Asker: 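Before I ask anything, here is the structure I am working with.
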Amino acid sequence: GESVGLHLPTLSVQEGDNSIINCAYSNSASDYFIWYKQESGKGPQFIIDIRSNMDKRQGQRVTVLLNKTVKHLSLQIAATQPGDSAVYFCAEIKGGYQKVTFGTGTKLQVIP
Amino acid sequence: KAGVTQTPRYLIKTRGQQVTLSCSPISGHRSVSWYQQTPGQGLQFLFEYFSETQRNKGNFPGRFSGRQFSNSRSEMNVSTLELGDSALYLCASNEGAANTGELFFGEGSRLTVL
């Protein structure tokens with residue numbers, strides 16, 4: 001069956017260091033891959049997305065890398081800040097419209 | 001612009017009861033999706049509505065239903081509540097274009113079933 005999963009449930013990083021959150025997916029037919037951030041008590045917040053025909057996309061302090069050969073997605077956060085502490089979800093869209101399949105999530109803890 | 005608004009934020013029900021949750025999308029957004037979030041299953045897609053029509057449906061039993069009104073506001077209903085229905089129910093809106101994935105979520109309605 002199809003699935004979107006994460007390698008590490010919890011990631012602790014020192015403030016100022018770079019963070020890398022990884023995600024594996026099993027279905028290569030997805031059109032978009034997306035990263036969401038969910039802070040405690042809030043709904044998920046869109047961070048960045050990448051189309052399936054791209055390898056890399058950069059935003060403000062974030063970079064998403066897509067490796068279709070090994071079906072791997074990663075989110076890199078530069079100069080991690082305490083405000084980056086949250087649960088990060090990778091997600092994918094396949095088959096049209098807004099049916100988004102979410103991964104299980106990785107908790108990022110930033111150590112001051 | 002106001003964000004996605006969900007009501008109520010918290011509610012407690014007992015087994016066998018039914019519940020209705022409401023979602024007001026961002027102004028101009030025509031697509032509304034509903035998700036169930038639990039510690040064990042994560043975020044799971046329930047259904048998506050666009051222009052009062054259900055476009056997509058997840059793998060939930062028929063006890064879970066929804067609808068969308070002409071002003072894009074949406075409601076979801078869960079009948080004959082079970083303990084396992086305890087969860088955070090999240091609503092998300094989007095302009096409605098296909099395959100963008102950029103959903104704007106509300107803060108959710110936390111349902112506890114006793």
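Just so you know, these numbers come straight off a predicted model, no measurement behind them.
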Asker: Is there a path of hydrophobic side-chain contacts, each under 4.5 Å between heavy atoms of I, L, V, M, F, W or Y residues, that connects B:Y49 with B:F45?
Answerer: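 No.
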
Asker: Where does B:Q37 contact chain A at under 4.5 Å (heavy atoms): side chain, backbone, both or neither?
Answerer: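 Just its side chain gets close to chain A.
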
Asker: Quick check: is B:L114 connected to B:Y89 through a chain of hydrophobic side chains (ILVMFWY, heavy atoms under 4.5 Å apart)?
Answerer: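 Different clusters.
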
Asker: Can you get from B:L88 to B:L111 by hopping between Ile, Leu, Val, Met, Phe, Trp and Tyr side chains that sit under 4.5 Å apart?
Answerer: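 The answer is no; the residues belong to distinct hydrophobic clusters.
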
Asker: Taking atom CZ of B:R9 as the centre, does the number of heavy atoms from other residues, nucleotides or ligands within less than 6.0 Å exceed 12?
Answerer: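 Enclosed: over 12 neighbouring heavy atoms sit under 6.0 Å from CZ of B:R9.
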
Asker: Taking the side chain as C-beta and beyond, is there a heavy-atom pair between B:S33 and A:V100 under 4.5 Å?
Answerer: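 B:S33 vs A:V100: side chains apart.
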
Asker: Once rounded to the nearest 0.5 Å, what's the spacing between atom CD1 of A:I48 and atom CD of B:E102?
Answerer: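 Going from the CD1 atom of A:I48 to the CD atom of B:E102 covers 11.0 Å.
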
Asker: Only one of B:F104, B:Y35, B:F105 passes side-chain contact (heavy atoms from CB on, under 4.5 Å) with A:P44; say which it is.
Answerer: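 Testing each of B:F104, B:Y35, B:F105 against A:P44, the sole residue satisfying side-chain contact (heavy atoms from CB on, under 4.5 Å) is B:F105.
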
Asker: Of the backbone (N, CA, C, O) and the side chain (C-beta and beyond), which part of A:F33 lies under 4.5 Å from a heavy atom of chain B, both, or neither?
Answerer: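 For A:F33, no heavy atom lies under 4.5 Å from chain B.
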
Asker: Working to the nearest 0.5 Å, report the span between CZ of A:F102 and CG of B:L90.
Answerer: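 Between A:F102 CZ and B:L90 CG, I get 8.5 Å after rounding to 0.5 Å.
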
Asker: If you count every heavy atom of other residues, nucleotides or ligands that lies below 6.0 Å from A:N53 atom CG, does the total exceed 12?
Answerer: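 It does: A:N53 CG has more than 12 such atoms within range.
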
Asker: What is the distance from atom OG1 of A:T101 to atom CD of B:Q44, rounded to the nearest 0.5 Å?
Answerer: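 That separation rounds to 10.0 Å.
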
Asker: Assigning hydrophobic clusters by single linkage (Ile, Leu, Val, Met, Phe, Trp, Tyr; side-chain heavy-atom cutoff under 4.5 Å), is A:W35 placed with A:Y25?
Answerer: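 Yes; A:Y25 is reachable from A:W35 via cluster members.
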
Asker: Counting heavy atoms not belonging to A:K56, are there more than 12 under 6.0 Å from its NZ?
Answerer: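 Open.
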
Asker: Using heavy-atom distances under 4.5 Å, tell me whether B:R110 contacts chain A through its side chain, its backbone, both, or neither.
Answerer: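 Nothing of B:R110, per the 4.5 Å heavy-atom cut-off to chain A.
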
Asker: Is B:L43 in contact with chain A via its backbone, its side chain, both, or neither, using a 4.5 Å heavy-atom distance?
Answerer: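 When you check distances to chain A, atoms from both the backbone and side chain of B:L43 fall under 4.5 Å.
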
